[in-house]
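Per chain, numbering begins at 1; letters A, B, ... match sequence-line order. The analysis underlying the following values was restricted to heavy atoms, covering all of them including side chains, and did not include hydrogens, waters or symmetry mates. Quick caveat: nothing in here was measured; it's all calculated off a predicted structure.
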Amino acid sequence: MRYRLDYAKELNPAQLEAVRTLWGPVLVIAGAGSGKTRTLVYRVARLVEEGVPPERILLLTFTRKAAREMLRRAALILDEQCERVAGGTFHSLAHIMLRQYGHLVGYSRNFTVLDRGDAEDAINLLRTALGLAEKRRRFPRKETIAAIFSKAINKRLSLEEVVREEYPHFLEELEELAKLFEHYVRYKQEHQLMDYDDLLVNWFRVLKSFPEVRREVGRRFEFIMVDEYQDTNALQAEIVRLMAEEHGNVMVVGDDSQSIYAFRGANFKNILEFPKLFPHTKIIKLEENYRSTQPILDLANAVIEHAREKYTKCLFTRREGGRLPLLYKARDEADQSRFVAERILELREEGVPLREIAVLFRSAYHSFDLELELAKRNLPFVKHGGLKLIETAHIKDVVAHLRLLLNPFDMLAWNRVLLLIEGVGPKTSGKIMDYLRQSPDPLAALTGFPARASYAEGLRQLSDLLVSLRKEASPEEKLNQLYRYYEPIFTRIYYDDYPKRAKDLEQLLAIANKYETLEDFLADLALEPPEASVAEVEGLENEDEKLVLSTVHSAKGLEWHSVFVISLAEGRFPSSYALGREEEIEEERRLFYVAVTRAKENLFLTYPATYYAPAEGRIFSKPSRFLEEVKEKIEEWRPQDLSFWEEEAVEEPSSGFRPGELVWHPVFGEGKVKRMADIDKVVVQFASAGEKTLHLKFARLERL
DNA sequence: TTCATACCCGTTTTT
DNA sequence: CGGGTATGAA
């Protein structure tokens, strides 16, 4: 057969073998930057060239964006047929399949997907109902309970095993937890709700218990590919096994040294166990790195060299030259931010586009200081990771109304919606819900509730709204109408900061207009939550000309010309949260490995000698242990001109107040500045009012 | 029901 | 330190 693409020319021998092996199970162990994505893209093209209908190919990836991107690339090199390949995350696939097969496990096609916050709300509701919230000081908080439940599901362990292993201090509560779990499962079942884990569990149950579905699905997806296999969990591995049972045509691709999702139940050993799940698996290793320069790879290899676990490969490159990774030891966060901003400006001078530069950090809030600095210098950026739009209270309020239109038995949404009405509290809300539950059409039944005069009007308005929203209209129109209803409520409950929150509502509206149906809109909101952050500085001319700020987790699979990894201090990276247990430190180390292997040409590492910790204020820090381990692979940044330090040392803090200065405040009168408490906060000792911490953004402080 | 207060806790990553 | 939560009073 003649192919339109010259595979042998485009791929190295290992990649080529992976692309040409179409039948049977294949495990590809692909080091960072070894052309893993390229291999998958070419394999999709190859399958299509072989005449496999694109709908018969399934590509499972970690985010839906990743799937879209790969299929777009396949379409680019071959033809647009490739875009018809089925692609997405395990969760989005399960969601689609359960709309079709959910009835087999007791779900109608309009079930609601709960995000983590909704799940916690439900758990909280049940916990209170079971009387587990009272005086029992020792009972875990809702977040912890949700985490325990989720771990058990994803790792396929019993509650007891999870508690014993990771939460031994709650062992006494095991019985109560088990009872709560039972109630939680039943509650979701009864109200047509599924949390993230249920999507996987129920899809698994369908596959497991219904061989005919298994066969049907096997015929539908004749070739399965799974990317980032090191970040799948036991349940997902089972799902793959069942879906591929019919034909065994499954290729999984991953890198055990890049596994960074153990916290949500992922198990990198899945990779090593894959050949046991599928006998006669062909194993292919991709070890040649095409991304980074040798000095960067040397550093990466040294990082992973210190890992407890011995990983399976060693990266090499044929690229020559390249600069040593640079370490800058900053005095504090402000200094760190200044350093980063200056280097970015220099890089831009050298012709590196902003979108080819990324700043990576362990936790979303680590970039706050830098964001201020970038805004000050008019450097446009986008930020990935951190707070999701959907996690804010006002967006949840709005979405709850929409959820009712699809699933009128979604009592979680009812509760939220009812509590917004003035005069309705938990008690009344409960009574109304008991009433609605009895009705076959709760939306229409709302007017029939014998309401007390104090809130009758509010209830009537809600009822009118819901009935009217139910009529044919685009998600965007529905949302517009909803906003008219919500506005007075919105300004009442968020009176202190609703202007800020209003921006989110606008953003939601902008997202909604991309959707034809409410169903798709809501499903995507839950399965692919849009990020909350809006860049502070909009790009002046080109939208794409933005610097990238990202958590390391959100940077997985991506690469940039120049990468900064900031806040490499003990407690920050590795996170203080991980300091206790060895496995967690190991995961932090892999996370650092992922961070450094994102860089193609330049890698800058920074460490602030002091930083602000939420509870303790300014603290002195130690350099990250990961830096100490690989010292000899790094060059320390030395300012050419020493006076640079001295100048900086006496420079005023950006707000302009210095200890000892006399100031005047309109309420507290005269005072003396003690110190800066933060970039925009100052501690002042007042003659009359004592010591106060003032927010410079609000306080009208004048120099005397 | 709502408001005020006291207190507790925990700082992370994401589908 | 600040936010959320539980508790108690009006």
Side-chain angles (χ1 to χ4, degrees), chain A residues 60-67 88-95 113-117 119-120 124 127-128 133-144 146-147 150 153-154 194-200 228 231-233 235-236 259-266 360-366 384-388 390-391 393 419 421-429 452 454-455 492-493 523-529 531 550-556 567 571-579 584 587-588 590-592 594-595 612-618 677-678 681 683 693 695:
Chain A
L60 289 173
T61 54
F62 205 69
T63 62
R64 301 210 302 178
K65 206 168 110 210
T89 62
F90 276 89
H91 292 87
S92 70
L93 173 76
H95 176 256
V113 179
L114 304 183
D115 65 23
R116 186 54 174 264
E120 285 166 4
N124 209 28
R127 183 181 57 169
T128 316
E134 299 149 17
K135 64 188 166 183
R136 309 275 312 262
R137 276 280 132 70
R138 307 276 335 248
F139 204 72
R141 327 162 349 97
K142 62 180 197 296
E143 291 87 350
T144 315
S150 183
I153 302 264
N154 285 296
M194 287 199 215
D195 61 24
Y196 288 138
D197 300 332
D198 290 324
L199 289 169
L200 299 182
E228 310 282 10
D231 286 321
T232 58
N233 60 43
L235 187 55
Q236 289 166 321
S259 151
I260 55 177
Y261 280 90
F263 72 90
R264 74 178 219 208
L360 307 181
F361 32 85
R362 175 64 180 84
S363 310
Y365 72 92
H366 293 170
H384 300 298
L387 249 188
K388 298 285 188 287
I390 191 80
E391 285 162 1
L419 287 176
I421 297 173
E422 223 171 350
V424 177
K427 268 268 170 54
T428 311
S429 162
R452 298 232 316 247
S454 54
Y455 58 85
R492 170 167 57 85
I493 35 185
D524 277 10
L525 231 37
L527 293 171
E528 193 177 31
E531 297 184 334
S550 176
T551 59
V552 181
H553 283 91
S554 298
K556 187 166 80 155
S567 282
R572 292 271 226 178
F573 200 162
S575 152
S576 55
Y577 202 67
L579 296 182
E584 294 191 57
E587 178 142 314
E588 298 283 311
R590 292 192 297 267
L591 197 56
F592 183 49
V594 168
Y612 286 101
E616 294 118 302
R618 191 176 178 60
D678 203 337
K681 278 187 212 152
V683 180
T693 302
H695 234 279

Closest approach to the side chain of A:R141, judged atom by atom: which nucleotide of B:dT13, B:dG10, B:dT14 is it?
B:dG10
Does A:F62 or A:E584 map to a spot on DNA chain B nearer the 5' end, using the closest nucleotide for each?
A:E584
What integer number of Å spans the C1' atoms of C:dG3 and B:dT14?
23 Å
Taking only the C1' atom of each, what is the distance from B:dT13 to C:dG2 in whole angstrom?
22 Å
Which part of the nucleic acid does A:K556 contact within heavy-atom distance under 4.0 Å: base, sugar-phosphate only, or nothing?
nothing
Round to a whole Å and report the spacing from CD of A:E143 to P of B:dG10.
9 Å
Residues that A:F90 engages under ring pair (Phe, Tyr, Trp, His ring centres under 6.0 Å), provided they are two or more places apart
none
Does a side-chain N or O from A:K142 land closer than 4.0 Å to OP1 or OP2 of C:dT5, or not?
yes
Can you see if the side chain of A:T551 gets near the phosphate of B:dT14 - specifically, an N or O under 4.0 Å from OP1 or OP2?
yes
Interatomic distance, A:E391 CD vs C:dG4 P [rounded to whole Å]
13 Å
Roughly how many Å is it from CD in A:Q236 to P in B:dT15, rounded to a whole number?
12 Å
Between B:dT11 atom P and A:F263 atom CZ, what is the distance in whole Å?
13 Å
What's A:F90 touching, base or sugar-phosphate or nothing? Going by heavy atoms closer than 4.0 Å.
nothing
Take the protein atom CD of A:E587 and the nucleotide atom P of B:dT14, then report the distance between them rounded to whole Å.
12 Å
Restricting to side chain to side chain donor-acceptor pair (under 3.5 Å), what partner residues turn up for A:S554, sequence neighbours left out?
A:T551
Would you kindly give the NE2-to-P distance between A:H553 and B:dT14, to the nearest whole Å?
7 Å
Using atom types as modelled and distance alone, determine if a side-chain donor or acceptor of A:Y196 lies under 3.5 Å from a backbone N or O of A:A526.
yes
Rounded distance in Å - CG (A:L199) to C1' (B:dT14):
14 Å
Thinking salt bridges, do A:R362 and A:E588 make one under a 4.0 Å N-O criterion?
yes
Checking A:T89 now: which residues fulfil side chain to side chain donor-acceptor pair (under 3.5 Å) with it, not counting sequence neighbours?
A:S92
Classify the side chain of A:R362 versus the base of B:dT13 as yes if they form a donor-acceptor pair under 3.5 Å and no if they do not.
yes
Residues forming a side chain to side chain donor-acceptor pair (under 3.5 Å) with A:D231, sequence neighbours excluded
A:K556
When you check the phosphate oxygens OP1 and OP2 of B:dT13, does a side-chain N or O of A:R116 lie under 4.0 Å from one of them?
no
Roughly, in whole Å, what's the span from OH in A:Y196 to P in B:dT14?
12 Å
List every contact pair, protein side and nucleotides 1-3 of chain B side both N or O, where the distance is under 3.5 Å.
unit_1	atom_1	unit_2	atom_2	d
B:dT1	OP1	A:P426	N	3.4
B:dT1	OP1	A:K427	N	3.1
B:dT1	OP2	A:G425	N	2.9
B:dT1	OP2	A:T428	N	3.0
B:dT1	OP2	A:T428	OG1	2.0
B:dT2	OP1	A:G423	N	2.9

Which is true for A:A578 with a 4.0 Å heavy-atom rule: it touches a base, it touches only sugar-phosphate, or it touches nothing?
nothing
Within this structure, what is the OH-CZ distance for the pair A:Y365 and A:R572, rounded to the nearest 0.5 Å?
5.0 Å
With a non-hydrogen cut-off below 4.0 angstrom, is A:S554 in contact with a base, only sugar-phosphate, or nothing?
sugar-phosphate
Not counting sequence neighbours, which residues clear side chain to side chain donor-acceptor pair (under 3.5 Å) with A:R264? List them please.
none
